[in-house]
Amino acid sequence: MTRPANDTFLRALLREPVEYTPIWLMRQAGRYLPEYNETRRRAGSFLNLCKNPHLACEVTLQPLARFELDAAILFSDILTVPDAMGLGLYFAEGEGPKFERPLRDEWEIRDLTAPDPNVHLRYVMDAVAEIRRALNNTLPLIGFSGSPWTLACYMVEGGSSSDYRTVKTMLYDRPDLLHRILDVTTTAVISYLNAQIESGAQAVMIFDSWGGALSHAAYREFSLNYMERIIAGLKRSHGGERVPSILFTKGGGQWLEAIAATGCDAVGLDWTTDLGEARQRVGDRVALQGNLDPMVLFTSPEKVAVEARRVLDSYGSETGHIFNLGHGISQFTPPENVAALVHAVHSHSRRGS
């Protein structure tokens with residue numbers, strides 16, 4: 001197996017020489033694109049879209065047809081794993097994801113088991129394989145999962161939360177139960193990501209969206225430790241090629257050195273951390289991914305270019321930087337500003353320019 005024709009993203013992740021800084025965007029296939037909304041309408045619901053490999057492939061490719069991005073990311077959802085555990089995922093209109101059977105009782109938590117990704121999440125593996133065929137070795141494909149802590153937040157709260165009251169009460173009152181959830185979910189995530197790699201994912205990312213809601217001590221015990229276990233359990237290569245890993249804790253800049261020490265290949269950063277300072281803190285241990293504030297994309301193409309150059313200049317001219325937003329792109333983002341961002345990143349970072 002050979003690397004894709006454009007392997008700039010993979011080379012930057014491994015801190016190999018690159019001609020320019022690669023760029024992809026979290027949630028790059030999404031509601032800001034009219035073509036995505038049309039495909040979602042045909043699917044009938046978000047879950048139907050996720051569970052149909054052909055349509056998941058279609059929306060994965062849509063942003064690549066519009067923008068000169070340097071990687072594709074599997075279209076799916078982090079909550080497919082707890083759904084496969086039997087919690088009953090559904091999406092309430094205007095309310096986001098919810099679970100019919102959140103984990104509240106001790107017996108439910110004790111009975112929790114990790115699903116077989118090649119059985120209960122076969123549709124994800126089929127989507128990965130179909131996307132790889134459609135990409136035809138032009139660009140790398142990123143697979144992903146939520147972190148155990150982030151998944152546990154949804155599994156215990158039963159949906160999104162503004163204060164994480166239920167799960168954090170469990171954390172302090174019955175840490176044994178929360179550790180049980182995290183332990184099973186870690187096993188599930190390792191199997192899930194390895195199955196994605198075996199199906200064709202060429203890099204994997206762990207989204208710790210709610211890690212920043214934890215105290216300093218709790219983050220290390222209930223989030224970081226489990227992500228470190230995942231990194232240790234991942235397939236490091238497939239088909240003769242390295243499969244790099246990225247860890248992203250939103251609001252996790254204060255733990256940058258600890259995240260870099262997990263064994264991951266790259267650390268994702270939100271917009272609250274200066275990339276230049278981050279690079280000084282981690283040296284050449286890991287690549288860094290990020291970290292433009294997504295709200296910049298609501299300005300003008302000229303302002304977008306200015307802020308993109310600011311991020312690039314902060315990191316510097318060496319390899320090991322993957323340009324991204326500090327979090328997912330907003331559904332209200334003008335697509336023309338995304339085009340301006342991609343152009344600005346490529347043109348400003350091209351070596352020798």
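Heads up: numbering here begins at 1 and tracks the sequence.
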Item to complete: Kindly compute the distance separating OG1 (T185) from CG (L178), expressed to the nearest 0.5 Å.
Response: 9.0 Å
Worksheet item: Short question: side chain of E157, backbone of R165 - any donor-acceptor pair under 3.5 Å?
Response: yes
Worksheet item: Do R242 side-chain atoms and R236 backbone N/O form a donor-acceptor pair below 3.5 Å?
Response: yes
Worksheet, complete the sentence: Value for CG (D83) from CD1 (I78), rounded to nearest 0.5 Å, stands at 12.5 Å
Practice prompt. Hey, could you give me the CG/OG1 distance between L139 and T8, rounded to the nearest 0.5 Å?
Written response: 9.0 Å
Worksheet entry | Matching residue for V189 among I230, N194, L234 - test: side chain to side chain contact (heavy atoms under 4.5 Å, CB included) | I230
Practice prompt. Tell me yes or no: between the side chains of Q62 and T39, is some donor less than 3.5 Å from an acceptor?
Written response: yes
Worksheet item: Taking atom types as modelled, is there a side-chain donor on T138 or N136 under 3.5 Å from an acceptor on the other?
Response: no
Discussion item. Is there a salt bridge (charged side-chain N to carboxylate O under 4.0 Å, His left out) between R110 and E106? Walk through the geometry before answering.
Written reply: CA-CA 6 Å; R110 297 298 179 199; E106 185 164 346; 3.6 Å; yes
Discussion item. Evaluate L69 against F9 for side-chain contact (heavy atoms from CB on, under 4.5 Å), listing each step before the verdict.
Written reply: CA-CA 10 Å; L69 297 159; F9 165 74; over 6 Å; no
Discussion item. I want to know whether F207 and F144 have ring centres closer than 6.0 Å.
Written reply: yes
Fill in: Which atom of R132 lies closest to which atom of G200, heavy atoms considered
NH1-O, 2.7 Å
Practice prompt. Mark yes or no for whether S199, through its side chain, and A195, through its backbone, hold a donor-acceptor pair below 3.5 Å.
Written response: yes
Fill in: Test: R279 cationic atom under 6.0 Å from Y315 six-membered ring centre, within 45° of axis
yes
Worksheet entry | Y90 side chain reached by P97 side chain, heavy atoms, under 4.5 Å | no
Fill in: Exercise: do Y192 and T80 side chains pair donor with acceptor under 3.5 Å
yes
Item to complete: Indicate yes or no for a side-chain donor-acceptor contact from N48 to the backbone of A43 under 3.5 Å, with no hydrogens or angles considered.
Response: yes
Item to complete: Kindly determine whether D183 and R229 satisfy salt bridge (charged side-chain N to carboxylate O under 4.0 Å, His left out), including the steps that lead there.
Response: CA-CA 10 Å; D183 184 65; R229 276 179 50 187; 2.9 Å; yes
Worksheet item: Is there side-chain contact between K303 and V296, with at least one heavy-atom pair below 4.5 Å?
Response: no
Worksheet item: Does the side chain of N52 reach to within under 4.5 Å of the side chain of E58, using non-hydrogen atoms?
Response: no
Practice prompt. Taking the side chain as every heavy atom from C-beta outward, state whether L297 and L325 have any atom pair closer than 4.5 Å.
Written response: yes
Fill in: Any donor-acceptor N or O pair under 3.5 Å, side chains H343, E68
no
Worksheet item: Ignoring hydrogens and geometry, is there a side-chain-to-backbone donor-acceptor pair from S145 to I206 under 3.5 Å?
Response: no
Item to complete: Test R101 against E108 for salt bridge (charged side-chain N to carboxylate O under 4.0 Å, His left out), laying out the working first.
Response: CA-CA 9 Å; R101 295 173 290 281; E108 294 176 309; over 6 Å; no
Worksheet item: Is it the case that one hydrophobic cluster holds both V128 and L47, taking links as side-chain heavy atoms less than 4.5 Å apart, direct or via other members?
Response: yes
Discussion item. Tell me the closest heavy-atom pair linking L269 and A278, and the distance in Å.
Written reply: CD1-CB, 3.6 Å
Discussion item. I want to check something: taking the side chain as every heavy atom from C-beta on, are I109 and M170 in contact at a cut-off of under 4.5 Å?
Written reply: yes
Worksheet item: Do you know which two heavy atoms are closest between R281 and G253, and how far apart they sit?
Response: NH2-O, 2.9 Å
Discussion item. Over 60° means perpendicular and under 30° means parallel, so tell me whether Y154 and W210 are parallel, tilted or perpendicular.
Written reply: tilted
Worksheet item: Taking the six-membered ring for Trp, are the ring centroids of H179 and F222 within less than 6.0 Å of each other?
Response: yes
Worksheet item: Sub-3.5 Å donor-acceptor pair from the side chain of R122 to the main-chain atoms of P117, do we have one?
Response: no
Fill in: Residues W271 and H327: side-chain donor-acceptor under 3.5 angstrom
no
Practice prompt. Report the C-alpha separation of R309 and D313 in whole Å, then their side-chain angles, then the decisive distance to 0.1 Å, and conclude whether the salt bridge (charged side-chain N to carboxylate O under 4.0 Å, His left out) test is met.
Written response: CA-CA 6 Å; R309 289 194 292 268; D313 291 345; over 6 Å; no
Item to complete: Identify the heavy atoms of Q28 and L33 that sit nearest to each other, and give their distance.
Response: O-CD1, 3.8 Å
Worksheet item: Between CG of L171 and CG of L177, what distance do you get to the nearest 0.5 Å?
Response: 11.5 Å
Worksheet item: Hey, are the side chains of L151 and L79 touching, using non-hydrogen atoms and a 4.5 Å cut-off?
Response: yes
Practice prompt. Group every Ile, Leu, Val, Met, Phe, Trp and Tyr by side-chain heavy-atom contacts under 4.5 Å, then state whether L182 and L112 land in the same group.
Written response: yes
Worksheet item: Out of curiosity, does V338 fall in the hydrophobic cluster containing F332 (side-chain heavy atoms, cut-off under 4.5 Å, transitive links)?
Response: no
Worksheet item: Do H54 and E130 pass the side chain to side chain donor-acceptor pair (under 3.5 Å) test, and can you show the C-alpha distance, the side-chain angles, and the key distance before you say yes or no?
Response: CA-CA 7 Å; H54 178 68; E130 186 166 340; 3.1 Å; yes
Worksheet entry | Closest contact, heavy atoms only, A201 versus G143 | CB-N, 3.8 Å
Worksheet, complete the sentence: Residues Q202 and P4: closest non-hydrogen pair is NE2-CD, 3.6 Å
Worksheet entry | Hphob cluster co-occupancy, V124 + V119, side-chain heavy atoms under 4.5 angstrom | no
Practice prompt. To the nearest 0.5 angstrom, please state how far the CG atom of D270 sits from the CD atom of Q289.
Written response: 12.0 Å
Worksheet item: Do the side chain of R350 and the main chain of Y20 share a donor and acceptor less than 3.5 angstrom apart?
Response: no
Worksheet item: Looking only at side chains, do Y219 and T249 share a donor and an acceptor under 3.5 Å apart?
Response: yes
Worksheet item: When clusters are formed by joining ILVMFWY residues with side-chain heavy atoms under 4.5 Å apart, either directly or through shared neighbours, do W107 and V184 land in the same one?
Response: no
Discussion item. With a 3.5 Å distance limit and no angle check, can you tell me whether N291 reaches the backbone of T273 through a side-chain donor-acceptor pair?
Written reply: yes
Worksheet entry | Atom pair CG/OG of L247 and S147 - distance to nearest 0.5 Å | 9.0 Å
Fill in: R42 CZ: over 12 foreign heavy atoms closer than 6.0 Å
yes
Worksheet item: Quick check: does any side chain N or O of T333 sit under 3.5 Å from a backbone N or O of Y32, one acting as donor and the other as acceptor?
Response: no
Worksheet item: Would you say the side-chain atoms of S223 and D208 include a donor-acceptor pair closer than 3.5 Å?
Response: yes
Item to complete: Compare all side-chain heavy atoms of E198 with those of M125 and state whether any distance is below 4.5 angstrom.
Response: no
